[in-house]
Amino acid sequence: MLKRFWSWFWFIVGATYFLVPLYATFDFSLRARRGDLSFAAYANVLNDIRFVESFWFSLQTALATIAISALVIVPTAYWVQLRLPRLRPVVEFFTLLPFVVPAVVLVFSLARTYSRTPLTDSREGLWVLLVGSYVILSFPYMYRAVDTGLRSINIHDLTEAAQSLGAGWFTILARVIFPNVYVALLSGAFITFAIVMGEFTIAALLAQPAFGPYMNRLASSRVYEPSALAIISFALTWAAIAALQWIGQGSQARVAGPR
Amino acid sequence: ACGQAAPTAPAATTAPAATTAPAAEATAPAQLPSPPAPGPLTAADAGGIEKLIERARAEGNLSTIALPDDWANYGEMKQKFLEKYPFIKHEDLNPDASSAQEIEAIKANAGSKGPQAPDVIDVGFTWGDTAKKEGLLQPYKVEKWDEIPETLKDPEGFWYADYYGVMAFEVNTQVVQNIPQDWSDLLKPEYKGQVALAGDPTGSGQAINAVWAAALGNGGSLDNPMPGLEFFKKLNEAGNLLPVVAKPATIAKGETPIALRWDYNALANRDQNAGNIDIAVVVPKSGSLAGVYVQAISAYAPRPHAARLWMEFLYSDEGQLIWLKGYATPARFEAMRKAGLIPQDLLDKLPKTDAPVAFPTGGQINAAFDMIKSNWPTVVGATVQ
Amino acid sequence: MAPLTRTETSRSVIERRAFSWTWLGVAPFFLFVAAFLIWPTLSIIAQSFLDQERRLSLQNILELGRPFIVSSYVYSLQLSAVTAIGGGALGGLLAYAITIGGLPRPLRDAVLSFSGVASNFAGVPLAFAFIATLGQLGVVTQWLRSVGINLYPAFSLYSFWGLSIVYIYFQIPLMVLIMGPAFEGMRREWREAAESLGATSWHYWRYVGLPILLPSILGTMVLLFGNAFGAHATAFQLTGGGSQGNVVTILIGAQISSDALANPGLGNALALGMIVIMGVCIGLYTWLQRLSARWLRS
Amino acid sequence: MAFLEIVGVRKSFGATVAVEHFDLTVERGEFVSFLGPSGCGKTTTLRMVAGFEKPTTGRIIIDGVDVTDMPPNRRNIGMVFQSYALFPNMTVAENIGFGLKIARRPADEIRARVEELLRIMHMPEFGRRYPYQLSGGQQQRVALARALAIHPKVLLLDEPLSALDAKIRASLRQEIREIQRQLGITTIYVTHDQEEAMALSDRIVVMSRGRVEQIGTPFEVYNFPATRFVASFVGTLNLIQATVVDAALGLLSIEGRPIRVARPLVQHRPGDAISLAIRPELIALDGQMNGEVNRLSGIVEDVTFLGSIVRVQVHLSANKLHLDLFNNPQLRPPQPGSSITVQFAPEACLVLGEDGSPHHSMSASATQAA
Amino acid sequence: MAFLEIVGVRKSFGATVAVEHFDLTVERGEFVSFLGPSGCGKTTTLRMVAGFEKPTTGRIIIDGVDVTDMPPNRRNIGMVFQSYALFPNMTVAENIGFGLKIARRPADEIRARVEELLRIMHMPEFGRRYPYQLSGGQQQRVALARALAIHPKVLLLDEPLSALDAKIRASLRQEIREIQRQLGITTIYVTHDQEEAMALSDRIVVMSRGRVEQIGTPFEVYNFPATRFVASFVGTLNLIQATVVDAALGLLSIEGRPIRVARPLVQHRPGDAISLAIRPELIALDGQMNGEVNRLSGIVEDVTFLGSIVRVQVHLSANKLHLDLFNNPQLRPPQPGSSITVQFAPEACLVLGEDGSPHHSMSASATQAA
Ligand SMILES: Nc1ncnc2c1ncn2[C@@H]1O[C@H](COP(=O)(O)OP(=O)(O)OP(=O)(O)O)[C@@H](O)[C@H]1O
Ligand SMILES: Nc1ncnc2c1ncn2[C@@H]1O[C@H](COP(=O)(O)OP(=O)(O)OP(=O)(O)O)[C@@H](O)[C@H]1O
Ligand SMILES: [Mg+2]
Ligand SMILES: [Mg+2]
């Protein structure tokens, strides 16, 4: 089959393009000892307690970001589609704005805006700012993903069906809309997850013990460890995302049916 | 202490501010709050070093910014400090921050008490005066204040030089057989695609200094950095200049076999990779330029006593030797060498430079930086495709 | 008459309430945006009009006209456009391959989750990964040399096209993630209807498949464009010397975070320029989408 | 007492008037259908009862309570959508129990009610399936069960069968009717399928262009249409051009042949051209009818075998005529091309005047027959 | 000569066998319907003819050319999909002209052909609309026009009407039939609506579980079903339990009453329990039939008014019986609860044996009647 052939062709082109740079990084990371391939750099990374701590911290931050982003974006996308279609360009503009507002500007503006509030006086408060900023960064991806997801279900009828059964807006969102855009949400969540795991500037300037700053610190001072870390973090992030995907699989089957 | 903290003064006091007041109020970020009263000027004012330690213990925290572990041996510096004062919880803010970002961090967090507000900064030489004028610093004079050369400190104690280095060629000798010895060597065809800066000359101090140092080696002077730009233009046209930021990893990989970095960074990297990658560090014969960085305490430092304790540690014999171990020449180097406080093996490890080291003044630095930064894109980067 | 009046008044009350309720639905979003995004954006705009002494002035805006700034905008725009189109095309093909192209389902899942990671593989690690691949001593470069092909000096990783190749690395996965669902929405009957009318694959895609996907593709392209336009760290590593032209984000970085005396006003003006360009892009995209999708219910 | 009242309702969307002058009272337990062509305002009216649209003017009263301004989720109305609108993320049981869960009923009660409804719907073992695992007919029944679970005051169905096959439709409409009778629930049913409306309803509201054309039992609406629109919309109708010969005697002429109708044509005068309407099933082949009959002759043009019915198309000189015969394997149906004579009773004739409303030759007996 | 031949076709998807032992020859210009329940393999067979699926074994020959291995775009076949599959990005005219454009016909010719087809479809002014601006019935006609535009050798229609309302269906099937006759195009039509199949087809292929059950004219299939499946799938059927009394004479007993069928029951012996099948339209109220008749008595259980037909449900002792009467406004239909006697001719009885194939009491005359 010709179609199959081209599919495999493009898949292999894509896979090569993606994997060769990773392989090159991997290859380099093994050369910490002269004339010898070794996992020394990996050992150094994994033995560093800060690696584990910061990864764990960012993991939690990522999950919080995804949760909040979903809570903001799903109702918005739903409502724009249901009642305010004319607002779509405006919402789209705001969701794309994070691309062009430099992170440095963003973080210092936030620090100024919330200076002398509890938000800037404690690590916990700063964490709130951090998550808030990350939620903003997740908007471009989350909005698009959810918007696509909502298009694939008949939200008008589902809404009215739920209403006629006595459901209020909250119930409709929580019980009907959310579960049905869950799968679409996942793809947005993947990207958000990866963003948060790698983000550096905001976390560093808000004094957060995140994974991004840790990686960056290592990158500027060490030779082989950064490459090892890149491989490890790539693998870990991929694993985490695959886990998310796996968790979502059940509901995917339910909503979409077997394909 | 400082009578002319212009930006923090009420808007009505100066005419220009008054004219722009409505727009500024409506749109510009709010004026900075007045800083709290500055802390004690010396350890003695604080009631002695013991008292200072007590107060620092009560504060319990210290936030530093822009101190990379591998930079001037700051990794060891931080570690030793914390070992000595284990009650301090240290916040290592954005180690990669630029000087402008450090200043911005003070401004943005003025009035905030959280760990994101830096207590102390380590900035390029001219930033000391700028920040002082903006009222962002508070004065402090460490115990060994007098041993810091006069030209390298603010008389009122708002800022003080910490260490300096000179521009060097860091060469991966596995890739480069003939090690270049001077600026002019870099133009040789054999170094095609091999020379890299360690940053962007429109922003990075290290990169700007490299250009300036090249000027000194090519007929320029501290007041005339233009030959440096001309040199890099030639280097670029010859295809020798690589538009990539040199990092330890790219040097090791051989992709940027000749990197222009501070000698202390280059030497530290050489040591770190000893036994795996052969690295040579060469201080060019001509054009040895000292890059001086300064320390200061933020006017808004939420932990002013911990900040002072940090300063005392930096300028103690122990702190100064830690810098020296990282090949950065500390401010008290001359005084300590005279006093015989520097172990011979440390001295032996320092690179030998024949060339006289040029120390620019603050004014020269400002002018040169401004000139290089704004002309780089047009003179060297003009070959935009 | 009385009951009618009552009806009228109560109805208008309801309508007013319904009106405000309608807007309340998007209130959380706008509150969030106001709290975390609008203020920074406003501060960018405000600072653009302040000189270094914080006086109102047009100096920064006028400086945007300086040739090297204009050329860096052009460079950024070209880079964003090229990588949006290139990444979009490759990503589209990959998305096609894993969705309706008949590849086994596990591959699809693997590519999707991989894309999640790869879409944010940027900055130092990505730059280095490509240096190690296509740099002068890169794995691929050396392999090609061993079979007699010399990439350098004809090609350079640090040239416009080199940078494009690196950018495409994070553009493709974004395209895959967003276009995947769109491809799955293509109905098999369309293809079969076209075939039964004598259409080849090419005809089908030319006249049916692509036009139907065009609105989604355009939307995603704008996203990719913005993604590239705003990227900073990767470009910084690979154009570090600035000797091969600069992207705007690096210029901004140099103004607002520099070791030399910075000019935040100019940096903000540069950022304002980017915001305006993004706004124009979104306007253009909305217009194009309407144009290309007259056939959509709206 | 009327259970559901729709009083003087009018609904406009901008310039379009979707529904106008709508008045209806429905008794408790009654089954009323809205029947009409596409776009006539059936759905809009239903949605106003449900609360998804607000009437521009007029009131809606359910069980004595004016609900015009009440939001849909407080009206206690069961609704079944054309697209079913089952929640794809919930099992059948969860779908059915959704309304009760919202109302915070105890889990036991919900389980019991869901089981009861599944039994009523003849799908007791389907509780754990997901909607995508059901056929269209099954989904339809789940939608119905879900609407019934909350013991709604009124059940609204918007073309619930239109997406299904003929075979399933027939059996489901039977079920719907039985369940509705069993539960005695007041029901409004929207359809444009007249057979469906007739098979199910106590009364039918025939609508056209946002207005009510007629309200009556299926028998009334079919046999005694109030307007020309109703006459032609409901059922198949032969329309034949005729000329009045003697109005008082009800004597007409069709293509020169004398035809008698059962009632005097009060509004007409000899020589008037009128339309005569006859249902195809009231026309028979010659010789099958007793008593006084009218006769017409023509040529068989086409014969369509429809299973139980054979439809014969007869070409008169200037008119076409359909007649329906029951299929009979023993009898050869008329062959195309052959000559044929058909007959029909004077009582079968409906005279449509120019004013649009029909004058049924038997309209006097309308109330009695209902 | 046969125009389209399907020879020994079998199609399996993995373990599922979708179609088996399929043989069919279709004459040029013939209209053949595939009729059968969901999942019986109708679509699969059609798709094999179109070329979207490859038969596992067997051949497909069109106009003398073996097309089994030819890709769909070279078969010159017009196809109309259940979902229409109009290209949403093209106007009506562009949709219809698509096939011609692909074939690089001159623009003039395309325009003329499109106009002609729009005229045939009674929608001349719709050329510039987009599919979403059309009603279902209109979309359907555009899909048909698109398929016809390329002058296909064979026209395939996969349940083209199933998404439409009863009213539109009836009028569209008329149109399809007329257009097909007019153009004389060989057509295969897939449906599970038996009325549709009967109204349209020259011949019907009744399928069940991937196999052909019967191929015949509508009259044959309805009146002389070849298998029990066909008997019960096509049309409404009363199934009544009966006991054989005298097999040779065709004498049975239903609830103690003697019943005669028209043919001897060769396979049965006295005392055997059998099922008697009677079409509801072949049962009449007592006194309406001449000649020898069977009679049964019971209680009227329900009367459904269906417009032209009134369906009466009669409860015998152990059996239920439906009978269809033509509506007559002058006659009161039987009232629920009243006693009733019904009659039917011996020839109306179909005896269903245990082996699954029916023994029609009149099957001897089947070929003659066809
Ligand atoms: N939201 C709306 N905005 C504008 N016009 C509308 C809206 N909803 C309905 N209409 C118009 O009101 C009229 C009645 O529509 P309605 O949906 O009630 O018809 P219907 O009888 O249900 O038709 P169908 O049988 O096609 O469902 C139509 O002309 C329709 O176009
Ligand atoms: N691609 C496929 N893979 C596996 N099984 C299939 C596939 N296509 C059809 N089948 C199976 O083949 C059988 C026949 O399917 P087909 O679509 O031909 O039925 P149909 O008669 O058209 O039914 P319907 O009236 O529901 O459209 C079904 O059991 C179906 O599940
Ligand atoms: Mg409707
Ligand atoms: Mg099918």
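Every chain is numbered from 1 and lettered A, B, ... according to where its sequence line falls, protein lines coming before strand lines.
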Listed partners of T16(A) passing side-chain hydrogen bond (donor to acceptor under 3.5 Å, both in side chains), at least two apart: none
Plane angle bin for W238(A) and F114(C) - parallel if under 30°, tilted between 30 and 60°, otherwise perpendicular: perpendicular
L90(C), part contacting chain A, at a heavy-atom distance under 4.5 Å: side chain
Parallel, tilted or perpendicular: ring planes of Y114(A) versus F36(C), cut at 30 and 60 degrees: tilted
Side-chain heavy atoms of T25(A) within contact of P125(C), under 4.5 Å: no
Heavy-atom proximity to chain C below 4.5 Å, by part of L82(A): neither
Whether Y96(C) side chain and S7(A) backbone form a donor-acceptor pair below 3.5 Å: no
Engaged part of Y23(A) at the chain C interface, taking heavy atoms whose separation is under 4.5 Å: side chain
Region of I252(C) that comes under 4.5 Å of a non-hydrogen atom in chain A: side chain
Contact class of T249(C) relative to chain A, heavy atoms under 4.5 angstrom: neither
Partner set under side-chain hydrogen bond (donor to acceptor under 3.5 Å, both in side chains) for S29(A), not counting sequence neighbours: Y42(A)
Pick from A189(A), A145(A), A194(A) with the largest number of heavy-atom pairs that fall under 4.5 Å of chain C: A194(A)
Within-4.5 Å side-chain heavy-atom neighbours: S115(C) and F190(A): no
Heavy-atom check, side chain of F93(A) versus side chain of I275(C), under 4.5 Å: yes
Geometric class of the F30(C)/F94(A) ring pair [parallel <30°, tilted 30-60°, perpendicular >60°]: perpendicular
Flag side-chain contact, heavy atom, 4.5 Å: F128(C) against P226(A): no
